[in-house]
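Working notes, structure below.
First the proteins, then the strands, lettered A, B, ... as listed; each starts at 1.
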There are 2 protein chains.
Amino acid sequence: MSGYILVVEDETPIREMITFVLEQNGFNSVEASDIKQAMDNIVEPYPDLILLDWMLPGGTGVKLAQSLKQNEFTRNIPIIMLTARADEDDKVKGLDAGVDDYVTKPFSPKELIARIKAVIRRVSPTLLAEKVEFHGLKLDPVSHHVTINNEALDLGPTEFRLLHFFMTHTERVYSREQLLDNVWGTNVYVEDRTVDVHIRRLRKAISGAGHEEFIQTVRGAGYRFSGKVKTS
Amino acid sequence: MSGYILVVEDETPIREMITFVLEQNGFNSVEASDIKQAMDNIVEPYPDLILLDWMLPGGTGVKLAQSLKQNEFTRNIPIIMLTARADEDDKVKGLDAGVDDYVTKPFSPKELIARIKAVIRRVSPTLLAEKVEFHGLKLDPVSHHVTINNEALDLGPTEFRLLHFFMTHTERVYSREQLLDNVWGTNVYVEDRTVDVHIRRLRKAISGAGHEEFIQTVRGAGYRFSGKVKTS
DNA sequence: ATCGATTGTCACAAAAATGTCACGTTTACG
DNA sequence: CGTAAACGTGACATTTTTGTGACAATCGAT
């Protein structure tokens, strides 16, 4: 992840537990124990998400949420409220304030992470996408940049998705049908051989920069993305 | 910051300490040691905020606050009261007078600045927005001025917001929908292709000043703001 | 009301990407 | 070897996506 998550929670043990969980799961985090500290941290670069305690000294979290959602610069920062109460009325209020989701204390780390990812996935899916690197090949789903030994590659959308799939599924043979399902999508009717053509285009783009053969043909079975060169 | 903060405080050492702190933190300030001086300074251009001592010779600060809050021209100037007393009754009085916040003497510079920022952020967030610079492009969210290599650009409001968003979110691909959410606002119904048109206008404005291509098209994905120039 | 600036939408042009085919090449296997 | 199947490759028509100019509606300041 490139950005960070702001944790606004006055109870220090809980706050620290949360940040611990976040960092265990690869999120950066910044802590705030009250509204004031929170406001001081809601500046550029804005957090990717805010975990906001319901009850805060010096004002409720709901008010902060409301004011953030009314400000044009902060309006789009997703907010997850932390509440000890499963109070239905309060939830309604919070949702009116534009809050994106709720987590009721006590919660399990697993649940918290799941909620966070769900919200981020809804708001900005690419944030969860991670850079992939493989033998000098680099692919960044966020910027859509692909480089081989720091030299830029120009790929079409399909080649990009195909390469992304291969780079996250290496050393394994995939049939044309499997590739169609995973890259083109299920229930799409295209000829099997179309895969060949795109493999061809991808190979051209990669080795066009003069490099080894990443995509190997497995006769009668499909294709395999691998660092090892086929000797046969 | 474009404007200034008016400091109304009769005790010279404290007043000077405050203005020192303010200027250290990038705020302009004007000093007043009594009500009369204060009134003389509350004219156009109005201060962005007033720091008002509770006890002033020739009248209490509360009265000044009240009269300011009753005047249609000065009503919206945020006021922070400086008080030596943590007296609850006084606070209530002050808040009744429409005062925006309190700072109890003695206070730390950090606290003062934080309170000021919090109030300004609440009242007029754009005042705190920071200038953005990127490869010779400069954007000032406060004055809405944009320059490229010190040459002024003329942008419409939407182009301005779009550019601001891009300059604070570089090297990342955003889909048309994401741009609509972030620049136009959520739940606004506008055609996807409208983004294209504004991209076009923004590109025209930027490169109209004869410069490189900041906004890159990522086919099938959206647009990306980047310093790197696409070669192919 | 009037003028200019701004904005969203459309229609068309331009560009890029895609899927398919035809044909050449390689491989497996008798 | 010879043959058939599997795969590579270039070309091409079609479709999809994006660029661009024009235009009417809207908004704000006179």
Exercise for the section: Check the distance between D/dG8's P and A/D192's CG and give it to me in whole angstrom. Expected result: 14 Å
Completion exercise
note: A/L163, atom CG; C/dA17, atom P; distance rounded to Å ~ 15 Å
Practice task
Name the nucleic acid region contacted by B/T158, choosing base, sugar-phosphate or nothing; use a 4.0 angstrom heavy-atom cut-off, strictly under.
Solution key: sugar-phosphate
Problem - C/dA11 phosphate, OP1 or OP2, under 4.0 Å from B/R193 side-chain N/O - result: no
Problem - Donor-acceptor under 3.5 Å (B/Q37 side chain, B/D34 main chain) - result: no
Exercise for the section: Measure from CD on B/E159 to P on C/dA5 and round the result to the nearest Å. Expected result: 14 Å
Practice task
Report, as yes or no, whether the 6.0 Å neighbourhood of atom NE2 on B/H145 holds more than 12 heavy atoms from other residues, nucleotides or ligands.
Solution key: no
Problem - Distance test, side-chain N/O of B/T217 to OP1/OP2 of D/dT17, below 4.0 Å - result: no
Exercise for the section: Provide, to the nearest angstrom, the distance between the NZ atom belonging to A/K204 and the P atom belonging to C/dA17. Expected result: 13 Å
Practice task
Give the rounded distance in Å between these two atoms: CD of B/E191 and C1' of C/dC10.
Solution key: 10 Å
Exercise for the section: Check whether the side chain of A/R219 and the base of D/dA6 form a donor-acceptor pair under 3.5 Å. Expected result: yes
Handout entry: Nucleotide nearest A/D196 (side chain, heavy atoms from C-beta), chosen from C/dG8, D/dC7, C/dG19
Key = D/dC7
Exercise for the section: Indicate whether any N or O donor in one side chain lies under 3.5 Å from an N or O acceptor in the other, for A/S143 and A/D140. Expected result: yes
Problem - Nearest-angstrom distance from the residue atom CZ of B/R203 to P of D/dT20 - result: 7 Å
Completion exercise
Separation of C/dA17 atom C1' from A/L162 atom CG, nearest Å, is 14 Å
Practice task
Can you establish whether the number of heavy atoms outside A/E177 located under 6.0 Å from its atom CD is more than 12?
Solution key: no
Exercise for the section: Would you classify A/Y223 as touching base, sugar-phosphate or nothing, given that sugar-phosphate means primed atoms plus P, OP1 and OP2, and contacts are heavy atoms under 4.0 Å? Expected result: sugar-phosphate
Exercise for the section: Check B/S29 against B/V7 and note the closest heavy-atom contact, atom names and distance. Expected result: CB-CG2, 4.4 Å
Practice task
Would you classify A/R201 as touching base, sugar-phosphate or nothing, given that sugar-phosphate means primed atoms plus P, OP1 and OP2, and contacts are heavy atoms under 4.0 Å?
Solution key: base
Practice task
Whole angstrom is fine here: how far is it from CG in A/D154 over to C1' in C/dA16?
Solution key: 10 Å
Handout entry: Nearest-nucleotide 5' precedence on DNA chain C, A/L155 against B/H198
Key = B/H198
Practice task
May I ask you to evaluate whether A/W184 reaches the phosphate of C/dT18, defined as a side-chain N or O under 4.0 Å from OP1 or OP2?
Solution key: no
Practice task
Could you say whether B/V197 or B/A221 is positioned toward the 5' end of DNA chain D, judged by the nucleotide with the nearest heavy atom to each?
Solution key: B/A221
